[in-house]
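Okay, here's the structure, questions in a sec.
Heavy-atom basis, side chains included; hydrogens, waters and symmetry copies ignored.
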Amino acid sequence: TAMIAACGQNGYGKDALELFRQMQMDGLKPDRVTFISVLDVCSSLAALTEGKLIHSSIVASRLALDVVLGSSLLNMYGKCG
């Protein structure tokens, strides 16, 4: 999660998305902080397809939406279209 956030905040959004994909392939379950970080990356890259997949992962994980996670989703959809 820390590496995903650091990549995203320093202009390496594609690397952050790749780390997220690798994390999932390795069987690691993302937490709310991971989802918030990767949604921010999607927003900065205008990566709507990836953002929708991440939204689906949030729903599938049955993670409760709090204000921060919900705002991250709204921000992603607002910036991506």
Can you name the nearest heavy-atom pair linking Cys42 to Cys80, along with the distance?
->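 Residues Cys42 and Cys80, closest heavy atoms: O-SG, 3.5 Å.
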In terms of hydrophobic clusters joined by side-chain contacts under 4.5 Å, are Leu74 and Val68 together?
-> no
With a 4.0 Å cut-off, would you call Arg21 and Glu50 a salt bridge?
-> yes
Under 3.5 Å side-chain donor-acceptor pair for Asp40 and Ser43 =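 Judged by distance alone, the side chains do not pair up.
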Should Gln24 and Ser57 be marked as a side chain to side chain contact (heavy atoms under 4.5 Å, CB included) after you check the CA-CA gap, both sets of side-chain angles, and the distance that decides it?
-> CA-CA 10 Å; Gln24 288 186 309; Ser57 294; 3.6 Å; yes
If every non-hydrogen atom of Gly51 is compared with every non-hydrogen atom of Leu39, which pair is closest and at what distance?
-> O-CD2, 4.3 Å
CG on Leu69 to CZ on Arg32, rounded to 0.5 Å |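 Here the rounded value is 7.0 Å.
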Taking a hydrophobic cluster as the set of Ile, Leu, Val, Met, Phe, Trp and Tyr residues connected by side-chain heavy atoms closer than 4.5 Å, whether directly or through intermediates, do Leu63 and Leu53 fall within one such cluster?
-> no
Atom of Asp31, atom of Thr1 and distance for their closest heavy-atom approach =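 Answer, listing the atom of Asp31 first, then Thr1: OD1-OG1, 4.1 Å.
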Please report the C-alpha distance between Leu45 and Leu17 in whole Å, then the side-chain angles of each, then the deciding distance to 0.1 Å, and finally whether the side chain to side chain contact (heavy atoms under 4.5 Å, CB included) criterion is met.
-> CA-CA 10 Å; Leu45 295 175; Leu17 288 176; 3.8 Å; yes
State, to 0.1 Å, how close Ser72 and Ile36 come at their nearest heavy-atom pair, and which atoms those are.
-> OG-CG2, 3.5 Å
Set of salt bridge (Lys or Arg N to Asp or Glu O under 4.0 Å) partners for Asp15, sequence neighbours left out = none
Separation between CE of Met76 and NE2 of His55, rounded to the nearest 0.5 Å |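 It is 7.5 Å, given to the nearest 0.5 Å.
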Kindly give the heavy-atom pair with the smallest separation between Val41 and Gly13, and that separation in Å.
-> CG1-O, 3.3 Å
In Å and rounded to the nearest 0.5 Å, what is the CD to CE distance from Glu18 to Met23?
->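 If I round to the nearest 0.5 Å, the distance is 13.5 Å.
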Cluster overlap Leu19 with Val33, hydrophobic side-chain contacts below 4.5 Å = no
Answer yes or no: is there a donor N or O on one side and an acceptor on the other, between the side chain of Asp26 and the main chain of Leu28, under 3.5 Å?
->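 No, because the side chain of Asp26 does not come within donor-acceptor range (under 3.5 Å) of the backbone of Leu28.
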When you look at OH of Tyr12, are more than 12 heavy atoms from neighbouring residues, nucleotides or ligands closer to it than 6.0 Å?
-> no
Are side-chain heavy atoms of Phe35 and Leu73 found at a separation under 4.5 Å?
->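 When only atoms from C-beta onward are counted, Leu73 and Phe35 do not touch, as no gap falls below 4.5 Å.
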